[in-house]
Amino acid sequence: TVLYKVTNGEYIEILRKTKEIFTISCDIIMISDREQTLPKGVKRMKKMVTFVTAASLLMGSMAMPVYGATFADINTVTWDGFKPFLEQAAELKLMNGYDEGGKKLCKPRNNVTYCEAVQLMYSIMKVYTKQDVSDSTVTKWKPIMSAYNIPDWAYKATAYSLENAILTTTDLNNLQGNANKINTKAATREDVGVIFGKALDRVQGYDTKAGAALSYKDKAQISAAAVPYLELLYRANLMVGDTDNKFNPKANISRAEMAVLSVKSYNKLAENKAPEVTTGTVAAEGERIKISPRARRAAENKGLDISLAI
């Protein structure tokens, strides 16, 4: 359905209805990827316009999933509010759970290792950036990762983190594996917060603040270096304290808590996903708006809406 409206006789607003949302702006023309015949009485445009192609907010690669995962041990959570996050984490394939004895388990009270925390962060950032870490980057860091017996499955996440200063080589002590390359060290809430905070700090619009401060009752237990990143997560409502306003920085983070942080981070980045933009020109002739083959191909190949900005 395409609706037309004339405002002050200066431009036309065309509202294109998608399956889930309406997109409109007072100075943007939203049209489909084919020619549209203008209704009678609508002023004909004679000027050139610029088009941009933008991915639909709800149709992109980070669209929200439908809950459907079922865990036999879901009721063992310490707080019912964890349940939807555990299910969504499974739907997003961030935390898949365990298949044991013919049952699907989430083990919400279990600790999360440092390698698992880094892998979760990387999985979210990879979806957001639509880019995997390069083989050359993995090769660059492979000698030191091998020296620390980092598990092979965590190589890409670790290399990404080292390359982007989310981790330092000193941090590899926490990710270090045993002789069988198995990392069992449980991650603390503070350390996981720093990992996710540093990753979020790389996203436009989410910056750490100079002089950042926290108001948790146990803030004295939080290291000074972690404060800017934990404050960023608090400001973004991704990781907060408990009902007593304590952050519990030295406590190990549970799988249930990790599900909350991971899902919230994923969804936050989905909300702030930057649109793809392509520029060019099209012309309005008579009672028809002509869309160039280039614009039409962009829409058909990428599933993009076409916006015409006068």
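Here the structure is a predicted model, which means the values were calculated and not measured. No hydrogens, no waters, no symmetry mates; every other heavy atom, side chains included, goes into these values.
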Asker: Answer yes or no: does atom OH of Tyr234 have more than 12 heavy-atom neighbours from other residues, nucleotides or ligands under 6.0 Å?
Answerer: no
Asker: May I ask you to decide whether Lys107 forms a salt bridge with Glu100, counting only side-chain N to carboxylate O separations under 4.0 Å?
Answerer: yes
Asker: Going from CG on Asn164 to CD1 on Ile166, what distance comes out if it is rounded to the nearest 0.5 angstrom?
Answerer: 5.5 Å
Asker: Using side-chain contact (heavy atoms from CB on, under 4.5 Å), reason through Leu175 and Leu167 one step at a time and then give a plain yes or no.
Answerer: CA-CA 10 Å; Leu175 281 73; Leu167 292 178; 4.0 Å; yes
Asker: Any side-chain heavy-atom pair from Phe247 and Leu214 closer than 4.5 angstrom?
Answerer: no
Asker: Does a side-chain heavy-atom distance below 4.5 Å link Phe71 with Lys103?
Answerer: no
Asker: Ignoring hydrogens and angles, tell me if any N or O in the side chain of Lys104 forms a donor-acceptor pair with the backbone of Asn96 under 3.5 Å.
Answerer: yes
Asker: Can you get from Leu105 to Leu92 by hopping between Ile, Leu, Val, Met, Phe, Trp and Tyr side chains that sit under 4.5 Å apart?
Answerer: no
Asker: Considering non-hydrogen atoms only, spot the tightest contact between Ile253 and Met239 and give its length.
Answerer: CD1-CE, 4.2 Å
Asker: With the threshold set at 4.0 Å, does a side-chain nitrogen-carboxylate oxygen contact exist between Lys217 and Asp244?
Answerer: no
Asker: Sequence neighbours excluded, which residues qualify as ring pair (Phe, Tyr, Trp, His ring centres under 6.0 Å) partners of Trp153?
Answerer: none
Asker: Quick one: are Ser161 and Met121 in side-chain contact, heavy atoms under 4.5 Å?
Answerer: yes
Asker: More than 12 non-hydrogen atoms from neighbouring residues, nucleotides or ligands closer than 6.0 Å to CG on Asp135, yes or no?
Answerer: no
Asker: To the nearest 0.5 angstrom, please state how far the OH atom of Tyr98 sits from the CG atom of Asp73.
Answerer: 10.0 Å
Asker: What's the shortest heavy-atom distance between Leu120 and Ser262, and which atoms?
Answerer: CD1-OG, 3.9 Å
Asker: Indicate yes or no: at least one non-hydrogen side-chain atom of Met258 is less than 4.5 angstrom from one of Leu86.
Answerer: no
Asker: Nearest 0.5 Å, what's the OH-NZ distance between Tyr128 and Lys130?
Answerer: 10.5 Å
Asker: Which heavy atom in Arg109 sits nearest to a heavy atom in Val77, and how many Å separate them?
Answerer: NH2-O, 4.3 Å
Asker: Run the salt bridge (charged side-chain N to carboxylate O under 4.0 Å, His left out) check on Lys198 and Asp201 step by step: do they pass?
Answerer: CA-CA 5 Å; Lys198 285 186 175 182; Asp201 189 39; over 6 Å; no
Asker: Hydrophobic clusters here meaning ILVMFWY residues chained together by side-chain heavy-atom distances under 4.5 Å, can you tell me if Ile182 and Val118 are in one?
Answerer: no
Asker: Take Leu232 and Leu200 through the test side-chain contact (heavy atoms from CB on, under 4.5 Å) and record every step on the way to the result.
Answerer: CA-CA 8 Å; Leu232 174 59; Leu200 185 63; 3.8 Å; yes
Asker: Look at Glu87 together with Lys83 and state whether they make a salt bridge at an N to O cut-off of under 4.0 Å.
Answerer: no
Asker: Should Glu190 and Ser223 count as side-chain neighbours, where that means a heavy-atom distance under 4.5 Å?
Answerer: yes
Asker: So does Lys264 have more than 12 non-hydrogen atoms from other groups sitting under 6.0 Å from NZ?
Answerer: yes
Asker: With no hydrogens and no angle check, is any side-chain donor or acceptor of Asn110 less than 3.5 Å from a backbone partner on Arg255?
Answerer: no
Asker: Looking only at non-hydrogen atoms, find the nearest pair between Leu172 and Thr158 and report the distance.
Answerer: CD2-CG2, 3.7 Å
Asker: To the nearest 0.5 Å, how far apart are OH in Tyr206 and OG in Ser265?
Answerer: 10.0 Å
Asker: For a side-chain contact (heavy atoms from CB on, under 4.5 Å) check, start with the C-alpha distance between Asn173 and Tyr148, then their side-chain angles and the critical distance, and finish with the verdict.
Answerer: CA-CA 7 Å; Asn173 289 303; Tyr148 278 87; 3.5 Å; yes
Asker: Considering non-hydrogen atoms only, spot the tightest contact between Val138 and Ala159 and give its length.
Answerer: CA-CB, 3.9 Å
Asker: Nearest 0.5 Å please: distance from the CD atom of Gln119 over to the NZ atom of Lys156.
Answerer: 9.5 Å
Asker: Indicate yes or no for a side-chain donor-acceptor contact from Thr129 to the backbone of Met125 under 3.5 Å, with no hydrogens or angles considered.
Answerer: yes
Asker: Taking atom types as modelled, is there a side-chain donor on Lys185 or Asn174 under 3.5 Å from an acceptor on the other?
Answerer: yes
Asker: Would you check if Pro108 and Thr76 make a side-chain contact, meaning some heavy-atom pair closer than 4.5 Å?
Answerer: yes
Asker: Check which hydrophobic residues are tied to Tyr229 through side-chain heavy-atom contacts below 4.5 Å, counting indirect links as well, and list them.
Answerer: Val194
Asker: Does atom NZ of Lys250 have more than 12 heavy-atom neighbours, drawn from other residues, nucleotides or ligands, at distances under 6.0 Å?
Answerer: yes
Asker: Enter the distance from Asn149:CG to Asn183:CG here, rounded to the nearest 0.5 Å.
Answerer: 10.5 Å
Asker: Taking Arg235 for the side chain and Asp207 for the main chain, is one N or O donor matched with an acceptor at less than 3.5 Å?
Answerer: yes
Asker: Does Thr168 offer a backbone N or O that forms a donor-acceptor pair with the side chain of Asp171 under 3.5 Å?
Answerer: yes
Asker: Treating Asp218 as the side-chain partner and Gln221 as the backbone partner, does any N or O pair qualify as donor plus acceptor under 3.5 Å?
Answerer: no
Asker: Answer yes or no: is there a side-chain heavy-atom contact under 4.5 Å between Ser123 and Val127?
Answerer: no
Asker: Test side-chain hydrogen bond (donor to acceptor under 3.5 Å, both in side chains) on Glu231 and Thr208; report intermediate values, then the result.
Answerer: CA-CA 8 Å; Glu231 190 277 334; Thr208 54; over 6 Å; no
Asker: Quick check: do Tyr216 and Asp242 have side-chain heavy atoms less than 4.5 Å from each other?
Answerer: no
Asker: Go through it in stages, so that I can follow the logic: the residues are Glu257 and Asn111, the test is side-chain contact (heavy atoms from CB on, under 4.5 Å), and I'd like the CA-CA distance, side-chain angles, deciding distance and then a yes or no.
Answerer: CA-CA 9 Å; Glu257 291 172 321; Asn111 294 330; over 6 Å; no
Asker: Check the pair Thr137, Ser134 against side-chain hydrogen bond (donor to acceptor under 3.5 Å, both in side chains), reporting the backbone distance first and the verdict last.
Answerer: CA-CA 5 Å; Thr137 298; Ser134 67; 2.8 Å; yes
Asker: Can you name the nearest heavy-atom pair linking Ala117 to Val112, along with the distance?
Answerer: N-CG1, 3.9 Å
Asker: Which pairs, with at least one residue in residues 158-203 and sequence neighbours excluded, count as a ring pair (Phe, Tyr, Trp, His ring centres under 6.0 Å)?
Answerer: Tyr122-Tyr160
